[in-house]
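Since the structure comes first, as structure tokens, the remarks are kept for the end.
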Amino acid sequence: MGEIVENLEKITLELVANLVHGNATLMVPRNSSSNLTTEYRRVSYNNRGSRHSFCLLTYMLSRVHRLQVRGGSFTVRGLYYSDPQLIRSQSRIAEARLDVCRMLNTSPLSLGVLAASKGLMAGDIRLLMTNGDILDGSSYGGAMTLPTDPEKIDRIETEADFVLIVEKESVFQSLLYRNVFSTMGQPFILVTGKGYPDCCTRRMVHRLSEENQLPAYILVDADPFGIEIMLVYRHGSQAMSFSSQGLTTPSLRWIGLHPSEIPALGTGAVALVAGDNKKINDLLARGDLEPGVRQELRMLQDIQLKAEIESVIDFLTDDYIPNKINRNLFL
């Protein structure tokens, strides 16, 4: 907390000094401060085009400072409804939160300004909260929404053998409907971030891997966007590369769908579109790709086909997933 407050006050003093000279400007990093050179964008009250962004940034900086000094937390939704005339939309305040994260080189979870969690979880897991509450996954009989603030989870208790992440909520719900926990014959924790995962979901997977020493597996569509989602869990979001500490799971095991499996699916594949090929090129340009992942992306380029998890849904629980895990068929 001390470092964040110190940096906030440093930014404030620099802004006041600039204001003395009639320069109401804030500098927001465009990329990670860990790079040799950091590019900035200017957000100025003097510029009509960025005036509203400047006001939102100063508003967010003041709220974060108050939280850091006094404790507590706000939600993005709560901040919006506290002054909708100033903020205009929840997406605007969410952008301001991300900009403040870049300025402070920290994650949204560290600010105390939280987004409502969208991740779901089921299976053998009990969350012991700092206020004494216990969230027991087995007592819900289905999906349990992850807490908005994962740092209020004091301890995670589980007898699970592993964590299984699925890309989409539809697949998550389909697995529950098919009694996946009985079919698999092993206790495990099922998680979905409903597409691109939020910080809370990524933090939970990280904690299960690090604190509970559970192997984590992920199942995504065999397309470039599915692969990118896998990489977000494993290496972090490119948009938040400045602060991935505690949010990544480098040991994450990608069990499928692999593009190299598409030819065997028959009618379960469809052609790539222009956006898919652009995303493939963007991913291939990354420097953190493992050789196996790069090879699978090249396979997508070669065959020009993609497939969804649903194409193997009928034999997912009694064949595909157990076979991949037991035979170590993952990347």
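Bear in mind that the values here come from a model prediction, so they are computed numbers and not experimental data.
- Side chains of R253 and Y217: a donor-acceptor N/O pair is present below 3.5 angstrom, by distance only.
- Side-chain contact, S53 with S50: no donor N or O sits under 3.5 Å from an acceptor N or O.
- Here the side chain of N23 pairs no donor or acceptor atom with the backbone of L19 at under 3.5 angstrom.
- The 12-atom threshold is exceeded at CD of Q304, counting heavy atoms of other residues, nucleotides or ligands nearer than 6.0 Å.
- A donor-acceptor pair under 3.5 Å is absent between the side-chain atoms of R41 and the main chain of P29, judged by distance alone.
- Under a 4.0 Å N-O distance rule, the pair R102/D99 qualifies as a salt bridge.
- Relative to the ring axis of F74, R63 places its NZ or CZ within 45° and under 6.0 Å from the centre.
- Taking S174 as the reference, R178 meet the side chain to side chain donor-acceptor pair (under 3.5 Å) condition, with sequence neighbours excluded.
- Of all the heavy atoms in R42 and T25, the pair that sits closest is NH2-OG1, 3.8 Å.
- Here the closest non-hydrogen pair linking L8 and L61 is CD2-CD2, 3.5 Å.
- Judged by distance alone, the side chains of Y320 and E261 do bring a donor and an acceptor atom under 3.5 Å apart.
- S91 and Y80 form no side-chain donor-acceptor contact under 3.5 Å, judged by distance and modelled atom types alone.
- Applying the salt bridge (charged side-chain N to carboxylate O under 4.0 Å, His left out) test to residues at least two apart or on different chains, the pairs with a partner in residues 145-154 are E151-R203.
- A salt bridge is absent between R97 and E95; no separation between the charged side-chain nitrogens and carboxylate oxygens falls under 4.0 Å.
- Ion pairing between a basic and an acidic side chain is recognised when a charged N comes within 4.0 Å of a carboxylate O; K194 and E167 show no such pairing.
- Around the CZ atom of F315, the shell of radius 6.0 Å holds more than 12 heavy atoms that belong to other residues, nucleotides or ligands.
- Remark: the backbone N or O of V166 is paired with a side-chain donor or acceptor of T192 at under 3.5 angstrom.
- Aromatic ring pairs are classed by plane angle as parallel below 30°, tilted from 30° to 60° and perpendicular above 60°; the pair F181 and F188 is tilted.
- When atom types are taken as modelled, the side chain of S44 and the backbone of N46 share a donor-acceptor pair closer than 3.5 angstrom.
- Between D282 and K278 there is a salt bridge, with a side-chain nitrogen of the basic residue lying less than 4.0 Å from a carboxylate oxygen of the acidic one.
- Looking only at atom types and distance, the side chain of R92 has a donor-acceptor partner in the side chain of H52 under 3.5 Å away.
- E290 and H235 share a side-chain donor-acceptor pair at under 3.5 Å.
- R298 pairs in a side-chain hydrogen bond (donor to acceptor under 3.5 Å, both in side chains) with only one of the listed residues (Q295, E296, Q301), which is Q301.
- Here the side chain of N212 pairs no donor or acceptor atom with the backbone of S209 at under 3.5 angstrom.
- Without hydrogens or angle criteria, T183 side chain to T317 main chain gives no donor-acceptor distance under 3.5 Å.
- Within the 3.5 Å criterion, the main-chain N or O of P197 finds no donor-acceptor partner in the side chain of T201.
- Between D276 and K306, at least one side-chain nitrogen of the basic residue sits less than 4.0 Å from a carboxylate oxygen of the acidic one, meeting the salt-bridge criterion.
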